[in-house]
Amino acid sequence: MPWSNQNGGGGGGGPWGGGGGGGNKGPWGQGPQRPRGGGGGRGNGGPPDLEEIFRRGQDQLKSVVPGGFNGGVAAIIGLLVVGFILINSIYTVQPDERGVEMRFGKPKDEISMPGLHYHFWPFETVEMVKITEQQQNIGSRAGASDQLAAGLMLSGDQNIVNVQFSVLFSVTDPKAYLFNVEDPSDTLQQVSESAMREVVGRRPAQDIFRDNRQAIAADVKTTIQATMDSYGAGISVNTVAIEDAAPPREVADAFDEVQRAEQDEDRFVEEANQYANQVLGKARGQAAQLREEAAAYKGRVVKEAQGEAQRFISVYDAYAKAPDVTRKRLYLETMQSVLGKSKKVILDEKNGQGVLPYLPLNEIVKPAQSGGAQ
């Protein structure tokens, strides 16, 4: 053969250059080695025996697992199944949660309180419910176009308002919360929207904008709680908070113009009231002055009349006592009052005989004429 020629003649050689009597050698200068003495180790640095290693592993497994290798596999599988069932059967309830166990889908009466609990899985399962206060936001927000129509409502005076509010609630009955209503959160949102629309629809828009938000929130809370109680949802509504109320964006400018007009109206009314109060106060002062003057005039006239009456009575009493004297005195007093106010010339007949009287008629007449012309 071709490789025999390379060895220079002595017996048949293999492909690794071995001769017939010199032992078989491999390509590294020696032939394959066999384990000696029944041992499982390497012989003269050769590769390990895989069959021996596998046999030793079987012996060790038989010593550990009762029943041998075949029975041990079943025991291991059984232990794994039991461990898996135990892991799924033990659960923990957090402080803010309550657990509701179900056996074949039917809820139990007991409620699992916070702590470590056990149930027979897979025949029993558990549902966790958070009982702490939760918030449900309703109405449109910035960037939340999908909720734009949720807050649009029609007020009692036929105005459209966009109301954004939130509902804070807590779960009081976990079992009812899970099984009496299919989707408690969605149901609460729909009931809240309906209640807000009902209350806003009975009031003018001004109440929801500024004047009476607290009363509206209280009415909405009462309506939501009554409706959820009728459903048996196991929910307690704690607070309804109206966060914002504004007109729709499409009519916001017109609404602002109306608001400014109402403010101008209020200002004009206030100015008119101020002017009316000022004029009314002045008129009341003048009326009080006239009443005081009239009262003073009345008092003076009454007093004068009473004095005249008293004087007349005193004259009458004197006349009753001495009629002649009183009559003469009255005559003289009357003549004095009449003649004392007129210009007159008196001529004595006894002393005026033989004397031509001179009467300055021009001087007497002039004052009379000048007085008449005036």
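Being a predicted model, the structure only gives us computed values, none of them experimental. The chain is numbered in sequence order, starting from 1.
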**Q** With sequence neighbours left out, what residues match Phe179 under side chain to side chain contact (heavy atoms under 4.5 Å, CB included)?
**A** Val100, Met102, Pro107, Lys175

**Q** Please determine whether the number of non-hydrogen atoms from other residues, nucleotides or ligands lying under 6.0 Å from atom CD of Glu304 exceeds 12.
**A** yes

**Q** Using side chain to side chain contact (heavy atoms under 4.5 Å, CB included) as the criterion, list what pairs up with Ser89, not counting sequence neighbours.
**A** Ile85, Tyr118, Trp121

**Q** Under the rule for side chain to side chain donor-acceptor pair (under 3.5 Å), what residues qualify as partners of Asp219, not counting sequence neighbours?
**A** Arg203

**Q** List, one per line, each side-chain donor-acceptor pair under 3.5 Å for residues 281-289, sequence neighbours excluded.
**A**
| from | atom 1 | to | atom 2 | distance (Å) |
| --- | --- | --- | --- | --- |
| Gln289 | NE2 | Glu293 | OE2 | 3.4 |

**Q** Roughly how far, to the nearest 0.5 Å, is the CD atom of Glu270 from the CG atom of Asn273?
**A**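 Taking CG in Asn273 and CD in Glu270, the distance rounds to 6.0 Å.
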
**Q** Ignoring hydrogens and angles, state whether a donor on the side chain of Ser166 or Glu243 is under 3.5 Å from an acceptor on the partner side chain.
**A**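 Glu243 and Ser166 do have a side-chain donor-acceptor pair below 3.5 Å.
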
**Q** Tyr91: what forms a ring pair (Phe, Tyr, Trp, His ring centres under 6.0 Å) with it, not counting sequence neighbours?
**A**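 So Tyr91 forms a ring pair (Phe, Tyr, Trp, His ring centres under 6.0 Å) with His117, His119.
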
**Q** Taking only residues two or more places apart in sequence, or in another chain, which ones meet Arg213 in a side chain to side chain donor-acceptor pair (under 3.5 Å)?
**A**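 So Arg213 forms no side chain to side chain donor-acceptor pair (under 3.5 Å) with any residue.
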
**Q** Filter on side-chain hydrogen bond (donor to acceptor under 3.5 Å, both in side chains), then keep only pairs touching residues 223-235, sequence neighbours left out; what's left?
**A** Gln225-Asp229

**Q** Between Arg197 (side chain) and Ser155 (backbone), is there a donor-acceptor pair under 3.5 Å?
**A**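 Checked: no pair found.
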
**Q** Let me know which of Leu188, Asp186, Thr187 forms a side-chain contact (heavy atoms from CB on, under 4.5 Å) with Val181.
**A**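 Of the listed options, the one satisfying the test is Thr187.
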
**Q** Apply side chain to side chain donor-acceptor pair (under 3.5 Å) to Asn180 and list each qualifying residue two or more places apart in sequence or on a separate chain.
**A**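 Listed in chain order: nothing, the list is empty.
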
**Q** So which residues get pulled into Val279's cluster when ILVMFWY side chains under 4.5 Å apart are joined, directly or through others?
**A** Tyr275

**Q** Other than Val301, which residues form its hydrophobic cluster under the rule that side-chain heavy atoms must be closer than 4.5 Å?
**A** Tyr297

**Q** Can you list the residues that meet the salt bridge (Lys or Arg N to Asp or Glu O under 4.0 Å) rule with Glu257, with sequence neighbours excluded?
**A**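 Once residues adjacent in sequence are excluded, the partners of Glu257 under the salt bridge (Lys or Arg N to Asp or Glu O under 4.0 Å) criterion are Arg260.
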
**Q** Check side chain to side chain donor-acceptor pair (under 3.5 Å) between Lys130 and all other residues, then give those that pass, not counting sequence neighbours.
**A** Asp96

